[in-house]
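Start at 1 with the first residue, then count along the sequence.
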Amino acid sequence: MPDRCCVSCRKLAPKSEFWRIVRVFPSYEVKIDQGMGRSVYLCRNLTCLQQAEKKDRLSRALKITVPKPIYETLHQQIAGNSSYNLN
């Protein structure tokens, strides 16, 4: 299976190591790890999440404004799961 690339740090890894952020077609909703449409991958760590949020990388890659609740959900997943890397 081909590797995927983090939209923040550009790390290559299997897609199971990333969150998949999707702009669902045709509704243009933004969802995490579900749906079909334009998607980007983001490392499951705090550093990449903060950089992606600060530099608006998800919105630029998906060509749509990513709502705040998406970032809040990702922050909660990091805080709630000690298996994620908090670098």
Side-chain angles (χ1 to χ4, degrees):
M1 184 187 310
D3 286 344
R4 302 296 190 258
C5 182
C6 174
V7 74
S8 188
C9 70
R10 312 305 287 170
K11 170 185 159 186
L12 287 174
K15 71 180 186 178
S16 61
E17 293 186 24
F18 298 112
W19 282 305
R20 180 173 166 255
I21 315 300
V22 185
R23 182 189 73 191
V24 179
F25 181 83
S27 69
Y28 287 90
E29 287 181 83
V30 177
K31 298 194 175 197
I32 302 168
D33 292 327
Q34 63 183 12
M36 291 175 44
R38 184 177 192 89
S39 60
V40 295
Y41 294 85
L42 183 66
C43 290
R44 295 177 184 244
N45 68 52
L46 187 58
T47 304
C48 284
L49 177 56
Q50 288 173 335
Q51 286 297 318
E53 188 171 11
K54 178 181 176 183
K55 297 185 178 189
D56 204 25
R57 289 185 171 141
L58 296 179
S59 294
R60 288 188 307 180
L62 293 174
K63 300 179 181 175
I64 192 170
T65 301
V66 174
K68 275 286 194 202
I70 295 293
Y71 289 110
E72 291 168 4
T73 300
L74 295 173
H75 280 288
Q76 288 171 359
Q77 286 185 16
I78 288 174
N81 191 337
S82 61
S83 68
Y84 290 145
N85 185 1
L86 298 177
N87 295 352

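Annotation: the span from Leu74 atom CG to Leu46 atom CG amounts to 11.0 Å, rounded to 0.5 Å. Rounding to the nearest 0.5 Å gives a distance of 12.0 Å between NZ of Lys68 and CD1 of Ile70. Here CZ of Phe18 is found 9.5 Å from CZ of Arg4. Values are rounded to the nearest 0.5 Å. Taking NZ of Lys54 as the reference point, atom CG of Leu49 lies at 13.5 Å (rounded to 0.5 Å).
No path of Ile, Leu, Val, Met, Phe, Trp and Tyr side chains, each step under 4.5 Å between heavy atoms, connects Val66 with Val24, placing them in separate hydrophobic clusters. Two different hydrophobic clusters hold Tyr41 and Leu62 under the rule that ILVMFWY side chains link at heavy-atom gaps under 4.5 Å. Side-chain heavy atoms closer than 4.5 Å link hydrophobic residues (I, L, V, M, F, W, Y) into clusters, and following such links, even through other members, never connects Leu58 to Phe25.
Across all their heavy atoms, Gln51 and Ser8 have their closest contact at CB-OG, 3.3 Å.
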**OP:** I would like to know whether Arg10 and Asp3 meet salt bridge (charged side-chain N to carboxylate O under 4.0 Å, His left out); could you show each step before the answer?
**Re:** CA-CA 11 Å; Arg10 312 305 287 170; Asp3 286 344; over 6 Å; no
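Side-chain contact check for Ile78 versus Trp19: some heavy-atom pair is nearer than 4.5 Å. Considering only heavy atoms from C-beta on, Val22 stays 4.5 Å or farther from Val30 through its side chain. By the 4.5 Å heavy-atom criterion applied to side chains, Cys43 and Cys9 are counted as neighbours.
Between Asp56 and Lys63 there is no salt bridge, since no side-chain N of the basic residue sits under 4.0 Å from a carboxylate O of the acidic one. Between Glu29 and Arg23, none of the side-chain N atoms (NZ, or NE/NH1/NH2) sits under 4.0 Å from a carboxylate O, so this pair counts as no salt bridge.
In this structure, the side chain of Ser39 does not engage the main chain of Arg20 through any donor-acceptor pair within 3.5 Å.
A donor-acceptor contact closer than 3.5 angstrom is absent between the side chains of Gln50 and His75.
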